[in-house]
Structure formats: structure tokens, C-alpha cells
Amino acid sequence: DLTAVFDPEIGLINRKNSWPRSSRPILVVPGDPDASALMLKIEETELPHSVEGDPMPWKIARLTSGELQTLHDWIESGAENDATYRDSVRKIFGDGISVGSRGGKCAYCHGPGNET
């Protein structure tokens with residue numbers, strides 16, 4: 001849930017991936033971007049759909065190299081609710097409320113009424 005990224009029940013941090021056979025079972029592993037399903041989904045352009053789902057985002061332009069680096073660095077530094085999150089990462093995710101182009105690259109699809 002992009003409105004509660006740090007909530008242990010519905011957020012992204014240390015939460016299980018909804019794709020149970022995924023090679024990366026946790027959405028965001030603080031300190032380890034290479035173990036984080038989020039990074040797999042946004043870095044790869046081809047994934048085995050039945051195992052990992054689709055690469056993201058899939059309805060809009062992929063993340064820029066700068067955005068990828070920002071997310072990588074944020075996760076590597078512990079995925080905290082800090083200035084990096086508030087100033088940079090939240091803009092990439094979107095607010096979870098505003099869908100479409102104003103909603104960031106994740107909230108474009110993962111917004112109100114979407115369970116994914």
C-alpha cells in the first residue's frame with residue numbers, strides 16, 4: 001500500500017511478495033536491494049510471468065537510470081522513512097491516492113481500488 005509504505009501489515013518493507021514462487025520473496029529488504037522483489041520488478045524487462053509477474057511499471061515509461069539508482073540507494077541505506085524517502089522515493093512511488101500521471105510511477109496503477 002503506497003499510502004502506508006512502512007506499515008508492517010500492508011506496506012512494502014519486509015513484507016512478503018504476492019508471487020509465492022518468486023526468486024525474491026520479500027518486497028523490500030532493507031539494506032539489500034538485490035534481495036528485494038521491488039528492484040527485480042523495476043530493473044528487469046523480461047520476467048517469467050507465472051513466477052514473477054510482469055516487469056513494472058507496465059502502463060507507463062520505465063524508471064529512468066536516476067530513479068533506479070535512487071531506489072537502489074534508498075534500499076541499500078536501510079529503506080528508512082527519512083529525507084531521501086520524503087524528497088525522492090515518495091515522488092517515484094506516488095502518494096497512493098492520485099492515480100494517473102500525477103500519481104508517480106507506482107501509484108499510476110497501484111492506487112485506489114487496486115489490491116496490487
Side-chain angles (χ1 to χ4, degrees):
D1 185 328
L2 296 172
T3 62
V5 170
F6 301 97
D7 185 294
E9 297 295 320
I10 61 172
L12 301 178
I13 312 302
N14 287 318
R15 190 165 143 237
K16 286 187 177 185
N17 188 346
S18 62
W19 292 89
R21 297 182 349 190
S22 175
S23 61
R24 298 185 188 180
I26 305 297
L27 296 176
V28 173
V29 179
D32 196 349
D34 293 333
S36 299
L38 172 66
M39 294 306 298
L40 175 72
K41 299 284 279 184
I42 62 173
E43 289 178 326
E44 299 298 323
T45 58
E46 293 185 27
L47 293 169
H49 179 78
S50 64
V51 175
E52 305 287 359
D54 292 313
M56 297 291 162
W58 55 271
K59 289 187 178 182
I60 59 173
R62 307 232 1 122
L63 276 69
T64 67
S65 60
E67 290 168 329
L68 288 170
Q69 190 65 54
T70 294
L71 286 172
H72 181 278
D73 293 350
W74 172 70
I75 293 171
E76 189 170 62
S77 68
E80 297 288 331
N81 187 2
D82 58 8
T84 299
Y85 173 77
R86 290 185 300 276
D87 297 342
S88 302
V89 174
R90 186 168 42 193
K91 291 176 188 173
I92 297 167
F93 286 167
D95 60 14
I97 298 167
S98 305
V99 295
S101 61
R102 295 182 305 123
K105 291 195 173 173
C106 299
Y108 192 93
C109 295
H110 299 278
N114 292 336
E115 294 180 12
T116 58

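The shown structure was predicted, so the numbers you read here are calculated from the model rather than taken from an experiment. Worth knowing before you read on, the calculation uses all heavy atoms, side chains too, and leaves out hydrogens, waters and symmetry mates. Throughout, numbering of the chain's residues begins at 1 and tracks the sequence.
Residues Arg62 and Glu44 come closest through the heavy atom pair NH2-O, 2.8 Å.
Residues Ile42 and Glu67 fail the side-chain proximity criterion, which asks for heavy atoms closer than 4.5 Å. Inter-residue side-chain proximity for Ile75 and Val29 is flagged as unmet; no heavy-atom pair is nearer than 4.5 Å. Looking only at side-chain heavy atoms (C-beta outward), Val28 and Ile13 come within less than 4.5 Å of each other. The closest side-chain heavy-atom distance from Arg24 to Met39 is below 4.5 Å. Considering only heavy atoms from C-beta on, Ser23 stays 4.5 Å or farther from Val51 through its side chain.
Put simply, Ile26 and Val89 are part of two different groups of oily side chains (I, L, V, M, F, W, Y) that touch within less than 4.5 Å, one to the next.
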Donor-acceptor list for residues 78-85 side chains, cut-off 3.5 Å, not counting sequence neighbours:
from	atom 1	to	atom 2	distance (Å)
Asp82	OD1	Thr84	N	3.2
Asp82	OD1	Tyr85	N	3.0

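Separating the OG atom in Ser65 from the CD atom in Glu43 is a distance of 11.5 Å, to the nearest 0.5 Å. The structure places OG1 of Thr70 at 5.0 Å from CD1 of Ile92, a figure rounded to the nearest 0.5 Å. Summarising the geometry, atom CG belonging to Leu63 is positioned 12.0 Å from atom CD belonging to Gln69; distances are rounded to the nearest 0.5 Å.
Members clustered with Leu40: Leu47, by chain and number, using a 4.5 Å side-chain heavy-atom cutoff among hydrophobic residues.
A donor-acceptor pair under 3.5 Å is formed between the side chain of Lys41 and the backbone N or O of Glu52. A donor-acceptor pair under 3.5 Å is absent between the side-chain atoms of Arg15 and the main chain of Phe6, judged by distance alone.
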